[in-house]
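Numbers here simply count residues along the sequence, with the first being 1. Only heavy atoms go into these numbers, but all of them, side chains included; no hydrogens, no water, no symmetry mates. Every number for a ligand or one of its atoms is a count from 1 in the order of the listing.
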Amino acid sequence: MDFLKMGDISPKDLQDILWVSLRIKQELKGGTHEEMLKGKTLLMLFSKNSTRTRVSFETGMTQLGGHAVFLDMEKSQGSRGESFFDMGGSVGGMADLVMARLHSHQDIEKLAEGSAAPVINGLTDLEHPCQALSDMLTLWELGKLKKGGKLAFVGDCRNNVANSLMLACAMSGLEVSMVGPEGYAPKSEYVEMAQGFGCKVEHCADVEKGLEGVDAVYTDTWVSMGDEIEAKKRVEVLSPYQVDEKLMYYAKQDAVFMHCLPAHRGQEVTNEVIDGKQSVVFLQAENRMHAQKGLMCWLLGKA
Ligand code: CP
Ligand code: NVA
């Protein structure tokens, strides 16, 4: 089984992965962690930059008693025209798991088609499901993953992080408020999928209305990797959606501020908010490692 999109797993699978992740995290903190992936190898293929994804997967694999191999797409035969299917067919016969961060989602599908080993999406233009897993773990630990809870995503509501997050929230029973301008409204197919889980999803261009009564305010860059050519236009259109202290005031008083990072301080979020008391961004970053350890054990039937 692959984990390319949030929709690849069921709400029950998501719950199971979160339970394993939490147990693994607690054991690690308690100093008694088990080497559940001893002797296993994870191949990590990157064609885009990364800080958290690379470090969390590699460190997590080491802690589980396994090994991670880093392959820069530029230095691989992929940059000389080898197909994703052939790469998958080759590396999937050596590694036990493959994690890839690629530009186009279609490419990771081809990689997975060729690979005998499970393939994990470490970010494509369409989804960032590992981020969403970690975010659900974070909300759960903070007591905010409960029925009737509500998360607002502010900014580019149709980017990879927004797509996976919207589905993960819906699968966890949270309501979602997508707050952004018309041109950056959530993708209708994702709204429909989220609604399919019985989730209330609203798109709202008005920040005050969109943030009313929310338990978490989430934002991401206005210019995702691959969107650089539109940077000027995006910054202009999305500027009214900067998460500053005034905007946070519209949410519940005890709402948390979330960001997948990297942040563009002074653009989508101000220093006051990201460094403020409500911010949980570094807990989210740390949880990348715990949630992905849970995911890898679950995918290999070691949970
Ligand atoms: N959030 C996230 O995926 O971070 P990196 O781009 O640093 O991996
Ligand atoms: N939406 C961002 C997420 C980075 C982790 C991007 O794709 O660049």
Modelled atom types, side-chain donor and acceptor of Arg101 and Ser47, under 3.5 Å = no
Side chain to side chain donor-acceptor pair (under 3.5 Å) pairs touching residues 162-172, sequence neighbours excluded, are Glu127-Ser164
Quick check for students: name every N or O atom pair between ligand 2 and the protein closer than 3.5 Å, with distances.
from	atom 1	to	atom 2	distance (Å)
ligand 2	1 (N)	Asn160	OD1	2.8
ligand 2	1 (N)	Asp220	OD2	2.6
ligand 2	1 (N)	Ser224	OG	2.7
ligand 2	7 (O)	Asn160	ND2	2.8
ligand 2	8 (O)	Met225	N	2.8

Is Ile9 close to Ile17 at the side-chain level, that is, under 4.5 Å between some pair of heavy atoms?
-> yes
Could you tell me whether the side chain of Leu238 reaches within less than 4.5 Å of the side chain of Pro181, counting heavy atoms only?
-> yes
Between side-chain atoms of residues 59-78 and protein atoms elsewhere (two or more places apart, or another chain), which donor-acceptor pairs fall under 3.5 Å?
from	atom 1	to	atom 2	distance (Å)
Thr59	OG1	Val55	O	2.6
Thr62	OG1	Glu58	O	3.0
Gln63	OE1	Lys293	NZ	2.6
Asp72	OD1	Glu74	N	3.0
Ser76	OG	Met73	O	2.8
Ser76	OG	Gly78	N	3.0
Gln77	OE1	Arg80	NH1	2.6

When the aromatic ring centroids of Trp298 and Trp19 are compared, is their separation below 6.0 Å?
-> no
Considering only heavy atoms from C-beta outward, does the side chain of Phe257 approach that of Met248 to under 4.5 Å?
-> yes
Single-linkage hydrophobic cluster Met296~Phe46, side-chain heavy atoms < 4.5 angstrom = yes
At less than 3.5 Å, what protein N or O atoms come close to the N or O atoms of ligand 1? Include the distances to 0.1 Å.
from	atom 1	to	atom 2	distance (Å)
ligand 1	1 (N)	Gln131	OE1	3.0
ligand 1	1 (N)	Cys260	O	3.0
ligand 1	1 (N)	Leu261	O	2.9
ligand 1	1 (N)	Arg288	NH1	3.3
ligand 1	3 (O)	Thr53	OG1	3.1
ligand 1	3 (O)	Arg101	NH2	2.9
ligand 1	3 (O)	His128	NE2	2.8
ligand 1	3 (O)	Arg288	NH1	3.0
ligand 1	4 (O)	Arg52	NE	2.9
ligand 1	4 (O)	Leu261	O	3.4
ligand 1	6 (O)	Arg101	NH1	2.8
ligand 1	7 (O)	Thr51	N	2.7
ligand 1	7 (O)	Arg52	N	2.8
ligand 1	7 (O)	Arg52	NE	3.2
ligand 1	7 (O)	Arg52	NH2	3.0
ligand 1	8 (O)	Ser50	OG	2.7
ligand 1	8 (O)	Arg52	N	3.4
ligand 1	8 (O)	Thr53	N	2.8
ligand 1	8 (O)	Thr53	OG1	2.7
ligand 1	8 (O)	Arg101	NH1	3.4
ligand 1	8 (O)	Arg101	NH2	3.3

Side chain proximity check, Pro186 to Arg158, heavy atoms < 4.5 angstrom = no
